[in-house]
Every structure is written in C-alpha cells, then in structure tokens.
Asker: 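First, the structure itself, so that you have it in front of you.
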4 protein chains.
Amino acid sequence: MPDPAIQLFSVTAGSTEPIYRQLVEQVTRLVASGTLQPGQSMPSVRELAGALAVNPMTISKAYSLLETSGVLERQRGIGMLIAQHSNNTRKIDRRIELLTPTLNKLIFEANQLELDADTVIAQLTSMLKGPAQ
Amino acid sequence: MPDPAIQLFSVTAGSTEPIYRQLVEQVTRLVASGTLQPGQSMPSVRELAGALAVNPMTISKAYSLLETSGVLERQRGIGMLIAQHSNNTRKIDRRIELLTPTLNKLIFEANQLELDADTVIAQLTSMLKGPAQ
Amino acid sequence: MPDPAIQLFSVTAGSTEPIYRQLVEQVTRLVASGTLQPGQSMPSVRELAGALAVNPMTISKAYSLLETSGVLERQRGIGMLIAQHSNNTRKIDRRIELLTPTLNKLIFEANQLELDADTVIAQLTSMLKGPAQ
Amino acid sequence: MPDPAIQLFSVTAGSTEPIYRQLVEQVTRLVASGTLQPGQSMPSVRELAGALAVNPMTISKAYSLLETSGVLERQRGIGMLIAQHSNNTRKIDRRIELLTPTLNKLIFEANQLELDADTVIAQLTSMLKGPAQ
DNA sequence: GTGGTCTAGACCACT
DNA sequence: GTGGTCTAGACCACG
C-alpha cells in the first residue's frame with residue numbers, strides 16, 4: 001500500500017531550484033506546520049522516487065540532509081521517521097522564521113521596483129484572499 | 001569620470017544566485033522602476049567589472065542576456081544603453097509582474113507552513129513599516 | 001559509444017559567423033526539418049567540443065541559447081535534449097519562416113543589382129538542380 | 001545642395017552586419033548595376049554621415065575599403081568618384097557573381113531544412129512577383 | 001557522468 | 001575607447 005503522505009510532495013523539474021532542495025524545504029515546512037507528525041514514517045526512497053519520477057539518489061540526498069539537520073531520523077530496517085524531538089512543531093515563531101528569507105527577498109525586490117509598502121500589501125492580500133489558491 | 005550609475009549595482013559573491021543573473025534582475029527592476037531611464041548609457045563592461053571586482057566576461061554575459069530580453073540595446077563601438085522602446089518604465093503592471101514570482105513563492109511556502117493570510121500580511125507589514133530594515 | 005548525431009554538426013572556424021551561432025542555427029534548422037527528433041538527446045558538451053575541436057564553453061554557450069529559445073531542454077545531471085513541445089517539427093511554415101531572412105537578403109541584393117526576377121530564379125534553379133553542388 | 005545619390009544608401013543600425021560593410025556592399029552592387037556611373041561623385045563623408053546618422057569615421061572606413069578594391073577613386077580636393085575603369089558596369093556575369101554568396105547561403109540552409117528545390121523556388125517566386133516588395 | 005560558473009588573458013571587430 | 005569571441009583550466013552543483 002502506498003504511503004498517503006506522498007501526495008504532500010511535489011517537485012518542479014524545470015525550476016532553478018534543485019530537486020533535492022525543493023524536497024528538503026518542503027519536508028521542513030510540513031514538519032513545522034504539524035502536517036507531518038513526529039514519529040510518522042516517510043515514504044521509502046524508491047516509492048517517492050517513483051511517484052515523483054526522479055532519480056532515487058536525489059531522494060536519498062534529500063533524506064540525508066534532513067537527517068543531518070535533525071528533521072528526520074533513520075530507523076534501521078524500517079526507514080525514515082519524522083524526528084521525535086521536534087519541539088518545533090506548530091510553534092509560530094519557527095514557522096515565521098522559515099518564511100523570513102522569502103519575505104526579505106520580496107522586500108528587496110519591491111524596493112528596487114519602487115513599489116511602496118501599501119501596494120505590495122494590497123497585491124499580496126488580493127492574491128491570498130482572492131479567487132483561488 | 002566614472003559612471004555614477006555604478007553605485008546602483010551590487011552583487012553577492014557567495015550567493016547561490018549566479019553573479020550575472022543577480023545583475024540581470026537588478027537592471028531589469030531598475031529599468032522597470034524608472035531609476036534607469038531609456039537612452040541612459042550603462043557603465044562599460046570593464047568599468048563595472050572593476051567596480052564589482054568580477055571578471056569582465058561575467059558582466060558581458062549579463063549585458064548579452066539583457067540585450068536578448070530587450071532591456072538593453074547595444075551601440076556598436078559605443079557601449080550599451082537602456083532600450084528606448086521602454087514601454088515598461090514605471091508602469092505599475094510591469095512592476096507587479098516582476099514581483100509576482102516571489103509573491104507566488106511566498107504564498108506557496110505560507111500554505112505549507114499553515115500560516116494564514118492575516119499572519120503573513122501582519123508579518124510583512126511590520127517588516128515593511130517597522131523601524132529597522 | 002559516441003553519439004551518432006555528432007556527424008550532423010560542422011563549424012567553420014575562420015568564418016565571420018561565431019562558432020556558437022553557427023551551432024545554434026544548425027540545431028534550429030535540424031530540429032525544424034525533423035532530422036533531430038523531440039526527446040532525442042544531444043551530444044554532451046565535452047563530447048561535441050572534442051569532436052569539433054573547440055572549447056567546451058563555446059558549445060555550452062550555444063546550448064544555453066538554444067535552451068533560452070526553447071529548442072533544447074536541460075535535464076539536470078543528465079544532459080540536453082530536443083524540446084518535447086516541438087510544434088515546430090517538419091511544419092512547412094516553420095521551415096519557410098527560418099529561410100525567410102536569407103530570402104529577403106537575396107531579394108534586397110538582387111534589387112540593387114537590378115537583376116530581374118526571372119534571372120534570379122533561373123540562376124537559383126540551375127544551382128539547385130544542376131550537376132554540381 | 002545635398003547629393004541626390006544619398007537616397008540610394010541605407011544602413012540598419014541593429015543589424016549583425018557592420019555598418020561599414022553594409023555600405024561597401026551597397027556601393028559595390030550599385031556600381032555593378034550601373035545605378036552609380038563611372039566618374040560620378042560620391043557624397044562627402046560628412047554629408048553621408050549626417051544623413052545616415054553614423055560616425056564619419058565609419059563612412060571614411062567604407063570609402064577607404066572601396067578605394068582599395070578599386071571601386072572608388074580619390075580626387076584630391078574634390079572627393080571620391082566612382083572609378084573610371086569600371087569595366088564591370090552592368091556586366092551580367094559580374095552581377096550574378098555578387099549575388100552568388102547569398103545564393104549559396106540560401107541553398108545550404110534549405111538543405112538543412114529539407115526544403116526541396118521546387119518549394120524554395122516557389123517561395124522565392126511568390127516573394128519576387130507577389131504583392132509588394 | 002552531466003552542465004554551469006567564474007577567472008585570467010589573448011585577440012578581434014567596430015566606431 | 002567599446003563589446004564579442006575564444007581558450008585553458010579550475011571548481012561547483014546535480015543526479
């Protein structure tokens with residue numbers, strides 16, 4: 001039976017962002033939000049590689065990095081689990097911290113575009129609360 | 001006499017973003033905001049390379065891409081200048097269009113973090129209008 | 001095993017046309033004619049550079065431009081291949097479109113030479129259908 | 001009074017073809033066709049430079065090359081004249097010879113596009129005899 | 001293995 | 001003076 005958590009992940013092949021890093025960041029965010037719970041098992045490398053149509057080594061690289069950063073734990077014979085000591089889960093500060101780099105990027109670009117704060121906020125609001133997405 | 005426009009540009013050597021692309025995006029934004037005006041001449045390749053302490057070929061690559069995308073025009077034997085047909089200059093739609101990819105990235109990440117619209121907007125507002133930054 | 005497609009390419013070092021652009025135009029035409037098929041992989045940069053006796057960066061520059069123009073797609077870690085969405089392949093309109101600049105050049109020159117249409121066509125016909133060439 | 005021959009020349013700034021070479025080839029063709037007659041005077045460097053909005057040195061370079069190739073003659077105190085010994089004028093072989101490089105280019109490109117002789121000739125015919133030019 | 005980036009330096013073409 | 005092209009070679013990122 002396929003792991004239902006697989007549906008949480010998606011990668012864009014044509015992106016400038018490397019596939020393994022897309023995965024690393026997605027898992028990190030999903031753990032921080034509590035969507036992935038401590039102790040929960042991750043899909044196997046082969047399973048996820050098949051579902052995303054990428055090279056298994058790419059998945060393996062992402063898992064290794066996540067293990068190094070303490071987000072995942074390797075259970076021999078079982079696979080990868082979300083780390084137990086995730087004291088980060090659903091902490092609002094942690095989640096905002098993860099969003100900060102992109103917020104900074106947004107502000108830098110808005111400055112060079114000479115878009116004022118109100119315009120940026122209005123645009124973001126309409127995209128967040130508008131039709132879909 | 002050095003071109004005063006040189007001060008507008010800055011690159012981060014250690015970034016994952018290639019230097020030439022940092023330049024391409026900066027110039028694109030500065031033209032869209034009207035900070036760089038149509039007909040204005042760009043610093044020479046060698047001059048900018050010296051100021052940013054990078055290889056002239058790196059600047060040249062950025063200029064070539066900007067010519068391809070229609071932001072710059074090449075005047076043979078003279079140098080590069082901001083393209084004349086700049087229907088882009090200070091048009092608000094154009095500026096928001098350039099900001100959209102980063103806005104989309106922000107929204108995607110906020111969703112995975114399960115941060116609601118109000119929280120994201122509040123955080124952005126405080127960063128935009130707050131004391132520092 | 002060397003990629004057999006290598007034989008399709010040839011460059012003239014002494015030409016006024018830069019090597020990288022000779023390659024760009026050749027690949028564009030070979031894709032339009034269907035000689036290179038969508039999904040087919042291109043020779044690696046190093047392989048083609050060796051075969052044509054040019055610097056790998058020259059090949060790389062051509063590939064980058066072809067990616068920008070949508071003729072090639074980059075498969076990271078794998079190589080370059082002919083773009084899939086090749087709505088161009090063997091379409092007669094596309095092929096004539098690629099020939100148009102040279103046709104226009106021919107007509108402009110014939111006009112200045114005061115060579116009438118029949119003379120130009122006769123000359124072209126003999127060169128196309130004659131013994132040599 | 002401005003030299004009426006000025007109207008015969010035109011240069012495209014954005015072309016890949018250098019301006020001075022556009023001029024050289026145009027003069028060569030106009031002499032071969034007899035549009036410019038032996039003994040006829042060319043516009044002065046400054047006059048032509050002003051009319052075409054290019055650097056006088058560019059015109060001067062073109063004139064020098066045309067003098068070297070025997071198409072123009074320099075008359076001290078008067079300016080440049082079309083060379084007297086133009087035994088080439090209106091000779092059909094000479095005119096076809098000047099058209100040959102472009103004809104060869106056309107054939108090479110048509111081959112790579114796998115456009116057959118009839119298609120190329122049909123297209124050229126419609127462009128030569130069709131609506132306008 | 002793949003392509004991408006950058007450097008250092010030479011040489012060329014154009015104005 | 002300007003930018004463009006190419007080389008040789010190093011190093012990196014990705015799969």
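Scope of the values below: all heavy atoms of this structure, side chains included, with no hydrogens, waters or symmetry mates. Each chain gets a letter, A, B and so on, in the order its sequence line appears, and its residues count up from 1.
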Asker: Once you round it to whole Å, what is the distance between C1' of F:dC14 and CD1 of A:Ile59?
Answerer: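 Rounded to whole Å, this separation is 13 Å.
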
Asker: Counting only side-chain nitrogens and oxygens, does C:Ser60 get under 4.0 Å of the OP1 or OP2 atom of E:dG3?
Answerer: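 For C:Ser60, the contact criterion (side-chain N or O under 4.0 Å from OP1 or OP2 of E:dG3) is not met.
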
Asker: Rounded to the Å, how far apart are C:Gln22 CD and F:dT5 P?
Answerer: 12 Å

Asker: Take the protein atom OH of C:Tyr63 and the nucleotide atom C1' of E:dT2, then report the distance between them rounded to whole Å.
Answerer: 12 Å

Asker: Considering residues at least two apart in sequence or located in another chain, which fulfil the side-chain hydrogen bond (donor to acceptor under 3.5 Å, both in side chains) criterion with A:Glu109?
Answerer: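 Once residues adjacent in sequence are excluded, the partners of A:Glu109 under the side-chain hydrogen bond (donor to acceptor under 3.5 Å, both in side chains) criterion are A:Lys105, B:Thr102.
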
Asker: To the nearest angstrom, how far is B:Met42 atom CE from F:dG1 atom C1'?
Answerer: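 It works out to 18 Å between those atoms.
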
Asker: Whole-Å distance between F:dG3 C1' and B:Leu48 CG?
Answerer: 13 Å

Asker: Nearest whole angstrom, please: distance from the P of F:dG4 to the CG of B:Leu72.
Answerer: 10 Å

Asker: Could you check how far CG of A:Leu23 sits from C1' of F:dC14, rounded to whole Å?
Answerer: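 It works out to 14 Å between those atoms.
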
Asker: Starting at CG of B:Leu106, measure out to CG of A:Leu103 and round the result to the nearest 0.5 Å.
Answerer: 5.0 Å

Asker: So which of A:Leu36, A:Leu23, A:Leu66, A:Leu65 actually passes side chain to side chain contact (heavy atoms under 4.5 Å, CB included) with A:Thr28?
Answerer: A:Leu66

Asker: Is there a side-chain contact between B:Ser44 and the phosphate of F:dT2, meaning an N or O under 4.0 Å from OP1 or OP2?
Answerer: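 For B:Ser44, the contact criterion (side-chain N or O under 4.0 Å from OP1 or OP2 of F:dT2) is met.
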
Asker: For a 4.5 angstrom cut-off between non-hydrogen side-chain atoms, does B:Ile59 reach B:Tyr20?
Answerer: no

Asker: Specify the residue among C:Val45 and B:Ala53 whose closest nucleotide of DNA chain E lies further upstream toward the 5′ end.
Answerer: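 Its nucleotide being nearer the 5' end, the pick is C:Val45.
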
Asker: Please enumerate all residues that pass side chain to side chain contact (heavy atoms under 4.5 Å, CB included) together with C:Ser15, with sequence neighbours excluded.
Answerer: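 Listed in chain order: C:Thr12, C:Glu17, C:Gln22.
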
Asker: Minimum heavy-atom separation for C:Ser10 and C:Leu52, please, with both atom names.
Answerer: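 Taking C:Ser10 first and C:Leu52 second, the nearest heavy atoms are CA-CD2, 4.3 Å.
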
Asker: Sorted by first residue and then second, give each salt bridge (Lys or Arg N to Asp or Glu O under 4.0 Å) pair with at least one member in residues 50-73 of chain A; sequence neighbours left out.
Answerer: A:Glu67-A:Arg74

Asker: Would you write the dot-bracket representation of DNA chain F, where each base gets (, ), [, ], | or . depending on whether it forms a Watson-Crick or G-U pair under 3.5 Å and with which partner?
Answerer: ||||||||||||||.

Asker: Sequence neighbours excluded, which residues qualify as side-chain hydrogen bond (donor to acceptor under 3.5 Å, both in side chains) partners of A:Ser44?
Answerer: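 side-chain hydrogen bond (donor to acceptor under 3.5 Å, both in side chains) check on A:Ser44 returns nothing, list empty.
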
Asker: For residues A:Pro43 and A:Leu48, report the shortest heavy-atom separation together with the two atoms involved.
Answerer: CB-CB, 4.2 Å

Asker: What integer distance in Å separates C:Arg74:CZ from E:dT5:C1'?
Answerer: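 Spelled out: CZ on C:Arg74 to C1' on E:dT5 is 12 Å.
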
Asker: Listing time: all N or O pairs from protein to nucleotides 12-15 of chain E that are below 3.5 Å?
Answerer:
from	atom 1	to	atom 2	distance (Å)
E:dC14	OP1	D:Arg21	NH2	3.2
E:dC14	OP2	D:Tyr20	OH	2.8

